[in-house]
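Read the structure below first, then the notes.
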Amino acid sequence: VTGADHVGRIGRVLEAAAERGADALVLTPSPDTAYLVGHAPRETERPTLLVLRPGEEPVLVVPALEAPLAEASPAGGLAALRLWRDGEDPFAPAAAALGGATRIAVGDRAWAVHLLGLQVAMPDATFVPAGPTLARVRSVKDASELDALRRAGAAADATFEELRSHGFAGRTELEVAADVARLLIEHGHDRADFTIVASGPNGASPHHEPGDRRIVPGDAVVLDFGGVLDAYCSDTTRTVVVEEPPDGFDDAYDLVRRAQQAAFDAVRPGVPAEEVDRAARAVIEAGGLGEAFVHRTGHGIGLEVHEAPYLVAGNDEPLRPGMTSSIEPGVYLPGRFGVRIEDIVAVTDDGAERLNRSTRELQTVA
Ligand code: ZN
Ligand code: ZN
Ligand code: ZN
């Protein structure tokens, strides 16, 4: 994303790290480095290590053959590059940049072999996960990030609106999934990321992989899909019925729809994340299907499709304006069907904004 305030982001991350008692961070190529320095090549056996310390210029330890890539990225203007050639020890320049750091926060996505190399180079340091520090900063989106998430949400909505006018009966899940992937891109995504098409009894498996099952009248079909647009993710779920609903479906759908609304209504600044989960769960429990709601109510979304904050029992973190997360209650009845309804929601100054607006009324498709 162009125009990102990388310097401000690095400052906030260093502050959040200090609050957690870490005096340095080491991050490898990941959404974390995309966020902080606009550089996230594929992580490989050749380590790239971003070293951040308070009061010091950021240092990027880079394999020499990837120096042109790093120099051309925003990282080239933000960090001092320390090149290492094949055959040299990449952890020596990292240890030098880390100086006397004693408690080093390491990115969650770092390959174990790279962390193990750092540990050998710095035997006296303690290594802790950087995840909570990065989550603290990345979970609150700025205006340009919210704009990208809104556009990704709108593109996902347009995908569903077009998809529901296509016929389902007689096609396989894989054929519909290919349709979804194509539509995600046609409506503005740079790439499709995932396309769950779970028909009939397969809908009772929340993360079903689409397969060869042919969709028939009387099926409910769970459609959960998303892609990436300007580096930010979309993720939405709608459940449709083919010609007519299976037995018991209408009541289950109504329950999930009311649970989704109750969770949305619970979102505002200061509310603990777990309260949103509780709001959805209370509706489904009151309807007698509590046991069938087998997952948390939602996950944060941004550069990653699943990130903080998680809307789950036990997470008492208060919501803050600018946080974005899914709200996706569901019920899963083995051998029969599943229902899930998912929208991305942003926390505003006094409530919440839906970033998905396609209809939540039950849609009957052909
Ligand atoms: Zn999921
Ligand atoms: Zn989803
Ligand atoms: Zn989701």
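Just follow the structure's listing: the first ligand is 1, and inside any ligand the first atom is 1.
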Among the N, O or S atoms of Glu328, the one nearest the Zn ion (ligand 3): OE2

Asp224: its N/O/S atom lying closest to the Zn ion (ligand 2) (atom name): OD1

Angular separation of NE2 (His299) and OD2 (Asp235) seen from the Zn ion (ligand 3), to 10°: 90°

Ion pair Arg238/Asp157, N-O distance below 4.0 Å: no

Residues Arg278, Glu275: salt bridge by 4.0 Å N-O rule: yes

Short N/O/S contact of Glu342 with the Zn ion (ligand 2) (below 2.8 Å): yes

Residues that Tyr332 engages under side chain to side chain donor-acceptor pair (under 3.5 Å), provided they are two or more places apart: His295, Arg340

Sidechain N-carboxylate O distance under 4.0 Å for Glu291, Arg281: no

